[in-house]
**Q** 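What follows is a structure written as structure tokens; I'll ask about it next.
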2 protein chains.
Amino acid sequence: MTQTRPYSDAIERVKHAGLRPTRQRLALARLLFQGRDRHVTAEQLHGEAKSEEIPVSLATVYNALHQFTRAGLLREVVVEPGRSYFDTNVDDHHHFYFEDSGQLQDIPGEEVRLARLPEPPSGTRVDRVDVIIRVRENG
Amino acid sequence: MTQTRPYSDAIERVKHAGLRPTRQRLALARLLFQGRDRHVTAEQLHGEAKSEEIPVSLATVYNALHQFTRAGLLREVVVEPGRSYFDTNVDDHHHFYFEDSGQLQDIPGEEVRLARLPEPPSGTRVDRVDVIIRVRENG
DNA sequence: GTGATTGCAAATCTTTTGCACTAAA
DNA sequence: TTTAGTGCAAAAGATTTGCAATCAC
């Protein structure tokens, strides 16, 4: 279930997205995609890069995250105001959101069944359906 | 379906929430609750107050929105980074989000059926389940 | 070379905070 | 009174932007 992607995939992914494989994008792609799926903020990823001695500016991290998202390599998840998470899992799935800690956890798509959904308003089409189960610690 | 609440309710709501019925809170409560259900941002509500000659500071609007939310009079809806919407409909329901315009639209609870949901992680309880159907205009 | 990309600092935007002032009880 | 609430301006965060320097092709 937890798929691990080969390290060398990073360059392929970036290229395949139609983006120039710059040092920064490749380094970020490795950080994002080489291990298991994850949920990161721009600030977090920037911090990781820094601690791995990879010089990247925060602005470039933001650029890369958005470019990767546009390319379908990432999915942006909004659960709290003022902070965006980027999810390396772009398959059909949903999320637990731990309100106490601010953590996200994937829920595989098949664990949620939407038995009934309304028609999209006329003139629109469904881009995606987000299900967020907000949980908190038992008091 | 679209319930209209009496104007005089505002003061009751505020008092019932355990909040002092100050001029500002009452005015905001009227703007929020006297008509049909709505989705507003702090900035919007502040603008409305201003155009109705109701002097309220933006900080107070934020305070009131959060106090009302804590009291169960409002529900905060997060659909895009950096902006919070406050929904006067606190019944069980979900949302369409129009990605092009940034508008929200309620979906009555019964129009979505969650046939299967995973158990909350041990040690946690479900606070609420948000379903957001993101739609965009047909290209 | 040339156009895409980057870094930096400044700017923007939303939201929060500190604190003196005001008002409700 | 006395305590909660308010306004203001500053601060805090997250994200974006402008532009010169740099890199990929």
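Reminder, nothing fancy here: chain letters follow the sequence lines and each chain counts from 1.
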**Q** With A:Tyr97, which residues qualify under side-chain hydrogen bond (donor to acceptor under 3.5 Å, both in side chains), at least two apart?
**A**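 So A:Tyr97 forms a side-chain hydrogen bond (donor to acceptor under 3.5 Å, both in side chains) with A:Glu80.
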
**Q** Considering only heavy atoms, which members of residues 57-68 of chain A lie under 4.0 Å from some atom of DNA chain D?
**A**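 A:Leu58, A:Ala59, A:Tyr62, A:His66, in order of number.
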
**Q** Would you please classify the geometry between the A:Tyr62 ring and the A:His66 ring as parallel, tilted or perpendicular, with 30° and 60° separating the classes?
**A**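 The rings of A:His66 and A:Tyr62 sit tilted, inter-plane angle from 30° to 60°.
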
**Q** Of all residues at least two apart in sequence or in a different chain, which pass the side-chain contact (heavy atoms from CB on, under 4.5 Å) check with B:Thr22?
**A**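 side-chain contact (heavy atoms from CB on, under 4.5 Å) check on B:Thr22 returns B:Arg20, B:Gln24, B:Arg25.
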
**Q** Select base, sugar-phosphate, or nothing to describe what A:Thr41 touches, counting heavy atoms under 4.0 Å on all strands.
**A**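 No contact at all - A:Thr41 keeps every heavy atom at 4.0 Å or more from the nucleic acid.
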
**Q** Counting only side-chain heavy atoms from C-beta out, which of C:dG7, C:dT5, D:dT6 sits nearest to A:Gln24?
**A**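 Nearest nucleotide to the side chain: C:dG7.
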
**Q** Is there a donor-acceptor contact under 3.5 Å from the side chain of B:Arg38 to the main chain of B:Leu31?
**A**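 Yes; judged by distance alone, with no hydrogens or angles, the pair exists.
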
**Q** Return the value, rounded to whole Å, for the distance between atom CZ of B:Arg25 and atom P of C:dT22.
**A**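 Going from CZ in B:Arg25 over to P in C:dT22 covers 18 Å.
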
**Q** With under 30° as parallel and over 60° as perpendicular, where do the rings of B:Phe98 and B:Phe96 fit, or are they tilted in between?
**A**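 Rings of B:Phe98 and B:Phe96: tilted, as their planes differ by 30° to 60°.
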
**Q** Tell me the bend of the helix from C:dG1-D:dC25 to C:dA25-D:dT1 as the angle between end helix axes, each from five pairs, rounded to the nearest 10 degrees.
**A**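 Roughly 30° between the end axes, to the nearest 10°.
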
**Q** Can a donor-acceptor pair be found, under 3.5 Å and without considering hydrogens, that links the side chain of A:Arg134 to the backbone of A:Val79?
**A**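 Yes; judged by distance alone, with no hydrogens or angles, the pair exists.
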
**Q** Report the distance from atom CD of A:Gln44 to atom C1' of D:dG13, rounded to the nearest whole Å.
**A**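 It works out to 15 Å between those atoms.
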
**Q** Under the criterion side chain to side chain contact (heavy atoms under 4.5 Å, CB included), I'd like the reasoning laid out for B:Phe33 against B:Leu73: C-alpha separation, chi angles, the key distance, then a yes or no.
**A** CA-CA 9 Å; B:Phe33 304 122; B:Leu73 267 39; 3.8 Å; yes

**Q** Sequence neighbours left out, what passes side-chain contact (heavy atoms from CB on, under 4.5 Å) with A:Asp100? Give chain and number order.
**A**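 side-chain contact (heavy atoms from CB on, under 4.5 Å) check on A:Asp100 returns A:Arg136, A:Glu137.
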
**Q** Any donor and acceptor pair, going by atom type alone, linking the side chain of B:His46 with main-chain N or O of B:Ser57 inside 3.5 Å?
**A**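 No, because the side chain of B:His46 does not come within donor-acceptor range (under 3.5 Å) of the backbone of B:Ser57.
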
**Q** Assign B:Pro55 to base, sugar-phosphate, or nothing according to its heavy-atom contacts below 4.0 angstrom with the strands shown.
**A**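 Here B:Pro55 touches the backbone only, sparing every base.
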
**Q** What one-letter contact string describes nucleotides 19-25 of chain D from 5' to 3', where B marks a base within less than 4.0 Å of any protein heavy atom, S marks contact via sugar-phosphate atoms alone, and - marks no contact?
**A** -----BS

**Q** Compute whether any side-chain donor of one residue and acceptor of the other, for B:Asp106 and B:His39, lie under 3.5 angstrom apart.
**A**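 On atom types as modelled, these side chains qualify, holding a pair under 3.5 Å.
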
